[in-house]
Structures are given as C-alpha cells and as structure tokens.
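Encoded as structure tokens, the structure appears first; notes follow it.
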Amino acid sequence: MKPAPFTYHRAASIDDAIAHLQGDDAIVRALAGGQSLVPMLNLRLAPVDKLVDLGRIAALRQIDERPDCISYGALVTHAAFEDRLVPDASNGLMPFIGSQIAYRAVRTRGTIGGAVALADPAADWLTTIIALEAQVALVGPDGRRAIAGTEFALGPYMTAIKDAELIEAIVVPRRAASERWGHYKVARKTGEYAESMAIALIDKARGKARLVLGATDGAPLVLVKSAREIVAGNTGAGLAAVIRRELAHSGRDFPPEKLLLHCTTAVRAVAKAEKR
Amino acid sequence: MKTSISTTVNGKPVQSSVEPRTSLADLLREELRLTATHLGCEQGVCGACTVLIDGQPARACIALAISVDGSDIRTLEGLDQDPLMLTLKAAFHDKHGLQCGFCTPGMLISAWDLLRRKSDLCAYEIRIAISGNLCRCTGYQGIVRSIQSAAQNWAGQVKLREQA
C-alpha cells in the first residue's frame with residue numbers, strides 16, 4: 001500500500017457529508033471518483049487525515065431537466081456523458097468531451113463534479129463548463145448557492161469552494177440548436193493532460209460567439225474581444241492576430257512559445273466550429 | 001483501524017478486513033492471492049491493474065477497497081471460461097500480442113471491454129482505446145493486430161450464434 005494512514009467516512013447524505021467535512025484542524029477531503037485524488041494519495045502529494053466518500057449519495061447522481069437548462073449531479077461520470085446515458089443540450093459537445101478524458105478505465109469512475117472541484121487547469125471539464133456558461137451549484141454549512149463557472153475558477157487548483165462546501169451539480173444552459181462548437185487540444189499523448197485546449201462556440205444565426213482557452217497555468221481564459229471579432233466576420237490571419245493580441249494582454253505573461261501554442265489552438269478550435 | 005467489507009470477487013462472496021488506505025489491487029493480490037492483477041505504476045497511469053468493477057473497467061490501484069464495498073469485482077482469473085476472453089487470449093498468442101506479459105492482464109481486460117462495446121474497429125480506434133495501457137516490450141504492433149484479429153473472430157462467432 002502506498003498512502004499514509006487516514007480515516008474514512010462513507011457519507012450517507014449531503015448533510016452527513018457536510019457535517020463530516022467540518023474538521024477543525026484536521027485535513028478532510030471529499031472523495032468523488034478518486035481518479036485524481038487517489039493517485040495523489042498514493043504519491044503522498046496530497047496530505048489527508050480523513051476522507052469523506054461521497055460515492056453513495058444518490059442525490060449527487062441526479063439529473064434534472066428544466067426548460068432552459070440541465071442540472072447534472074456532481075457524481076455523473078465522464079463515461080455516462082460519453083455513452084449518452086445522460087441528456088445533452090450542448091449539441092454533442094459534452095458527450096465528445098466525456099469521450100476523450102484520459103482512458104476508459106478512468107472515465108468509468110471519474111466524475112464531472114470531482115474534476116471541476118479539483119480545477120486542474122489542464123483538465124477538460126472546467127474549460128468546457130466555462131465555455132457553456134454553466135453554473136456550479138454548491139451546498140455547504142451555510143446552505144445552497146450557485147455561481148458562474150467563470151467566478152468559480154480562481155486559479156490553478158483554486159476555486160470558490162468554501163470550507164466544508166461541496167459541488168452538488170453542474171447546471172448547463174440549453175444551447176441554441178443553431179450553435180456550432182469546435183474543440184482543439186494539444187496533448188503529448190492520447191488521454192494525457194492538455195498542453196493547451198480551446199473551445200469555440202459560434203452561433204451565426206443569432207450573432208453570438210464564445211472562445212475559451214484552457215490549460216493556461218491558471219483559470220481558463222474567456223477571450224471576449226476575439227469572440228466579438230468572430231461575430232464581426234473576422235477570419236484567418238486577421239483573427240489570429242486579434243487572438244494573439246488578446247492573449248498577450250491577458251496578464252498571464254505567456255512565454256513566446258506558449259503564446260504561439262495557445263493562439264494556434266484557439267484558431268484551430270474556431271476553424272473546427274466553422275466547419276461543423 | 002480495519003473495517004469489514006463484503007464484495008463479490010469472480011462470482012464468489014468475499015468478506016475482508018481492510019484499512020481505509022488499502023487499494024483494491026492490494027486486496028486482490030495480497031489478501032485474495034489473485035495475482036493476475038499486476039501493479040506497475042500504482043498511480044493510475046500504466047493500466048496493468050485494470051479490473052472490472054460492476055462490469056466496468058477500472059484501475060484497481062486507485063480504487064480504495066473500502067469504497068468498493070458491496071461491488072462485483074472481476075479479475076482476469078474470473079474470465080478464464082469467458083468466450084470473448086478465450087478468443088482474445090488465442091489471438092494474443094497467435095499474433096504475438098505479448099512478450100514479457102506484465103501488461104497483458106490489463107491489456108486483455110481493456111480489449112475485452114472494448115470488444116463488448118464496439119465492433120468494426122480500425123487499427124487507429126484500437127490504438128486510442130488501449131492508450132491507457134502501457135507496454136514496454138512489443139511496440140504495440142502485435143497487440144493491435146491481436147485485438148483486430150480477435151474482433152474479426154468474435155464478430156464471426158456472434159453472427160453464428162445469431163443464425164443458430
């Protein structure tokens with residue numbers, strides 16, 4: 001066995017989990033699918049005194065289809081999206097994202113809520129839910145609240161989750177059928193974490209566009225100016241120059257090679273959306 | 001402190017006493033002596049420890065035994081009479097799908113799951129599907145050929161059964 005000793009509590013309900021996550025001085029962590037946390041425990045990179053296993057809380061697997069959005073329980077697995085076991089209102093973007101996270105044996109256990117809570121800048125869901133303008137539904141000792149994905153992600157592995165709070169659901173607005181998406185990811189190996197990733201959502205019929213860049217060593221970047229140029233019809237080298245300028249002025253201090261990489265990724269995501 | 005868990009391993013009910021930090025892989029290998037499940041990286045990267053948890057492939061090294069309490073676990077040993085697994089094993093033998101054999105149990109389980117879910121696979125799709133299983137000997141050529149051959153053979157067997 002690899003991890004240092006810890007105690008374990010299998011939460012029976014959301015309230016039970018919250019009660020056990022309040023740990024005074026002890027380091028208490030919530031366990032969802034465990035596909036990132038357990039490797040970090042094995043490597044002894046993540047210190048933990050107590051694990052609160054959320055896996056048996058049925059309420060965290062619930063799907064709620066509403067007229068304007070779909071609420072996905074935090075424990076919905078990547079494989080459930082991939083296999084379309086859950087409804088989709090993203091014109092296929094979410095099933096596609098689910099299908100290319102890591103490997104099948106990871107996707108069967110890894111969850112959307114766990115991935116978003118960890119907020120690894122190079123992981124897939126955080127960038128995706130920000131692109132889709134989703135809300136993160138949180139529940140904690142002070143009750144429930146929902147915040148936009150953009151406000152949720154504060155930096156690499158840093159989120160707006162407070163002590164003893166947990167993600168209850170990811171609420172994704174139904175996207176217009178006229179919207180087209182493009183995704184581009186640069187990874188050294190299939191299933192690896194991204195070196196760069198971008199998602200473009202372009203809706204020509206309604207004159208809307210959204211461009212989000214992930215794997216930036218920080219929270220995903222919403223490229224507002226570039227999106228405006230896409231709507232205005234700017235393409236090719238002109239658009240690439242706009243994206244490059246926006247990235248250079250994003251305050252992230254990208255070295256030249258990263259700037260080129262991220263710019264190329266964003267341009268290709270736009271091109272893929274245009275082709276769809 | 002140890003906790004008692006009950007699982008079904010390869011069809012048999014099993015009661016075990018585990019520490020919270022014990023991985024499913026360690027439970028299988030150390031307690032139950034089911035050593036087909038190999039441990040390579042122990043951090044969820046190499047895929048050698050892939051087993052089936054409730055019918056779904058998963059990494060036994062990053063599944064805590066205590067968290068799979070009540071689950072149905074199947075290892076390579078538990079698939080030794082399974083027609084699809086026998087087809088895969090024969091193909092791995094025939095097409096040089098292994099050299100040292102360390103990655104083979106994980107490869108076989110991943111391939112088994114793949115062929116249960118999909119048919120008409122091209123070499124590229126097989127490569128993507130086994131990208132979570134590392135092999136340091138074969139260069140993958142033989143493995144991809146083995147899975148392709150098994151897929152064709154299996155499709156034939158399925159067709160025969162449907163006609164019967």
Side-chain angles (χ1 to χ4, degrees), chain A residues 1-11 29-57 75 77-80 82-85 99-111 114 187-193, chain B residues 1-3 5 18-27 29-31 39 41-71 106-107 109-114 116-118 124-125 127-134:
Chain A
M1 75 187 53
K2 309 276 278 187
F6 52 80
T7 59
Y8 172 93
H9 173 73
R10 182 179 298 144
R29 290 181 194 273
L31 174 71
Q35 300 301 288
S36 298
L37 179 55
V38 181
M40 284 195 271
L41 296 178
N42 282 5
L43 292 165
R44 301 201 177 194
L45 281 172
V48 63
D49 297 314
K50 179 165 128 188
L51 276 190
V52 178
D53 189 350
L54 309 177
R56 307 296 168 103
I57 305 177
L75 292 185
T77 62
H78 314 322
E82 176 183 16
D83 298 344
R84 291 181 182 264
L85 299 178
S99 76
Q100 49 90 69
I101 295 172
Y103 316 105
R104 182 70 186 180
V106 168
R107 297 197 287 270
T108 57
R109 295 184 74 74
T111 67
R188 297 289 292 269
K189 175 183 172 293
T190 304
E192 260 299 342
Y193 282 100
Chain B
M1 201 186 74
K2 290 200 169 185
T3 308
I5 62 165
V18 295
E19 270 190 78
R21 61 174 167 164
T22 305
S23 70
L24 172 60
D26 280 340
L27 171 68
R29 289 180 56 85
E30 308 292 331
E31 300 281 327
L39 278 170
C41 68
E42 293 190 65
Q43 48 174 296
V45 174
C46 78
C49 67
T50 307
V51 298
L52 299 169
I53 302 177
D54 294 324
Q56 301 283 341
R59 314 279 210 219
C61 75
I62 54 170
L64 295 172
I66 197 166
S67 72
V68 300
D69 186 8
S71 297
M107 279 291 178
I109 295 213
S110 289
W112 184 88
D113 170 66
L114 176 66
R116 293 249 301 184
R117 285 185 296 120
K118 293 181 178 174
Y124 175 76
E125 290 168 308
R127 282 180 181 274
I128 297 286
I130 60 163
S131 61
N133 292 76
L134 301 184

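Chain letters run A, B, ... following the sequence lines, proteins first, then strands; residues in each count from 1. All values below were derived from every heavy atom in this structure, side-chain atoms included, with hydrogens, water molecules and symmetry-related copies excluded. Treat the numbers as computed from the prediction; the structure is a model and nothing was measured.
For B:Asn133 (side chain) and B:Ser110 (main-chain N/O), no donor-acceptor pair under 3.5 Å exists by modelled atom type. With hydrogens and angles disregarded, a donor-acceptor distance shorter than 3.5 Å links the side chain of A:Tyr103 to the backbone of A:Thr190. A donor-acceptor distance shorter than 3.5 angstrom exists from the side chain of A:Arg10 to the backbone of B:Ile66, with no hydrogens or angles considered.
Within the 4.5 angstrom heavy-atom criterion, only side-chain atoms of A:Leu51, from C-beta onward, approach chain B. Neither the backbone nor the side chain of B:Val18 comes within less than 4.5 Å of any heavy atom in chain A. In this structure, chain B has a heavy atom under 4.5 Å from the backbone of A:Ala4, while its side chain stays farther away. For A:Arg107, no part lies under 4.5 angstrom from a heavy atom of chain B.
Rounding to the nearest 0.5 angstrom, the gap separating the NE2 atom in A:His78 from the OG1 atom in A:Thr108 is 9.5 Å. Distance check, rounded to the nearest 0.5 Å: NZ of A:Lys2 to CZ of B:Arg21 gives 12.0 Å. Atom CG of B:Asp69 sits about 9.0 Å away from atom OG1 of B:Thr3, to the nearest 0.5 Å. Distance check: B:Cys41 SG to B:Arg59 CZ gives 7.5 Å after rounding to the nearest 0.5 Å. Rounded to the nearest 0.5 angstrom, B:Lys2 NZ and B:Thr22 OG1 are separated by 6.5 Å. Here the CG-OG distance, from B:Leu24 to B:Ser71, works out to 8.5 Å after rounding to the nearest 0.5 Å.
Counting all heavy atoms, side chain and backbone alike, B:Ser23 lies closest to B:Cys61 at CB-O, 3.7 Å. The minimum heavy-atom distance linking A:Leu41 with A:Phe6 is given by the pair CD1-CE2, 4.1 Å.
The contact list for residues 29-36 of chain A toward chain B, using heavy atoms and a distance under 4.5 Å, reads A:Leu31, A:Gly34, A:Gln35 by residue number. Scanning residues 44-54 of chain B against chain A with a 4.5 Å non-hydrogen threshold yields B:Thr50, B:Ile53, sorted by number.
Ranked by non-hydrogen atom pairs under 4.5 Å with chain A, the options B:Ile130, B:Ile109, B:Leu64, B:Leu39 are led by B:Leu64. Between chain B and the options A:Asp83, A:Asp53, A:Thr7, A:Leu43, heavy-atom pairs under 4.5 Å are most frequent for A:Leu43.
The neighbour count for B:Arg117 CZ, taken as heavy atoms of other residues, nucleotides or ligands under 6.0 Å away, is above 12.
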